[in-house]
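Please read the structure below before turning to the comments.
Within every chain, numbering begins at 1; the chains are lettered A, B, ... in the order of the sequence lines, protein sequences first and strands thereafter.
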Amino acid sequence: MNYFLVKSEPFKYSWDKFNEDGRTFWDGVRNYQARNNMKEMKEGDLVLFYHSNEGKCVVGVAKVVKEYYQDPTTEDPNWVVVDLAPVEALANPVSLAQIRAEESLADIALIKQGRLSVMKLKDTEFDKILEMSQ
DNA sequence: GCCAACGTTGGC
DNA sequence: GCCAACGTTGGC
């Protein structure tokens, strides 16, 4: 099982909207590194949902319900999407500042590579963030 | 709203 | 294949 983190700007696609929809295809990724990470997602993998810009915090957990396939919003075969569904909201959102302040999370791409929108997490990092949300 | 970081594009 | 110019992302 792998763990990931995806970013979304709440104005574009918020956690609330995601829960209303119940399921969505994760489109709009136009970065090769992020795309490659999406291609590694398998059904059942867990994904943290992060709000960028407004909020700047991890707000919930999602799961992969369908592996990658051609992005239906473009003809360009370079780009793919995965299907995600909400699992649960975090009791307390974990802010970027909290993550930055946590030594064991200093290496995650959210800190090191600010612009990457889909990233892989180690299971220990995933667990740590969940723990911080309790 | 500004600006730093960084990925992408295109001229050479 | 290098590198400057440009565009975009995202924190502040």
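- Taking 4.0 angstrom as the limit, A/K7 places none of its side-chain polar atoms (N or O) nearer than this to OP1 or OP2 of C/dT9.
- Remark: A/F4 engages no residue in a ring-ring contact (aromatic ring centres under 6.0 Å, His included) (not counting sequence neighbours).
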Identify each atom pair where a protein N or O and an N or O of nucleotides 4-7 of chain C are less than 3.5 Å apart, giving names and distance.
residue	atom	partner	partner atom	Å
C/dG7	N2	A/R115	NH1	3.4

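- Annotation: proximity of residues 26-37 of chain A to DNA chain B (heavy atom, distance under 4.0 Å) is found for A/N31, A/Y32, numbered in ascending order.
- Residue pairs meeting the side chain to side chain donor-acceptor pair (under 3.5 Å) criterion with at least one member in residues 61-71 of chain A, sequence neighbours excluded: A/R30-A/D71, A/Y69-A/D83, A/D71-A/T73.
- Proximity of residues 70-80 of chain A to DNA chain B (heavy atom under 4.0 angstrom from any strand atom) is not detected for any residue.
- Atom CD1 in A/I99 sits about 14 Å away from atom C1' in C/dG11, given to the nearest Å.
- No more than 12 heavy atoms of other residues, nucleotides or ligands lie within 6.0 Å of NZ in A/K122, so this atom counts as exposed by the packing criterion.
- When the salt bridge (charged side-chain N to carboxylate O under 4.0 Å, His left out) test is applied to A/K120, the partners found at least two apart in sequence or on another chain are A/E40.
- Rounded to an integer number of Å, the gap from CG of A/L96 to C1' of C/dG10 is 10 Å.
- Straight-line distance from the CD atom of A/E54 to the C1' atom of C/dT9: 14 Å, rounded to whole Å.
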When the side chains of residues 41-52 of chain A are checked against the rest of the protein, which donor-acceptor pairs come out under 3.5 Å, sequence neighbours left out?
residue	atom	partner	partner atom	Å
A/D45	OD1	A/N2	N	3.0
A/D45	OD2	A/K42	N	2.9
A/H51	NE2	A/W15	N	3.0

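- When the salt bridge (charged side-chain N to carboxylate O under 4.0 Å, His left out) test is applied to A/E131, the partners found at least two apart in sequence or on another chain are A/K128.
- Scored by the side chain to side chain contact (heavy atoms under 4.5 Å, CB included) test, A/E75 finds no partners at all (sequence neighbours excluded).
- Listed for the A/R35 side chain is a donor-acceptor partner under 3.5 Å among the backbone atoms of A/N78.
- Remark: A/N31 engages no residue in a side chain to side chain donor-acceptor pair (under 3.5 Å) (not counting sequence neighbours).
- Residues satisfying the side chain to side chain contact (heavy atoms under 4.5 Å, CB included) criterion with A/D21, sequence neighbours excluded, are A/Y13, A/K17.
- One can place NZ of A/K56 at 17 Å from P of C/dT9, the figure rounded to the nearest angstrom.
- Checked against ring-ring contact (aromatic ring centres under 6.0 Å, His included), A/W79 has the following partners two or more places apart in sequence or in another chain: A/Y32.
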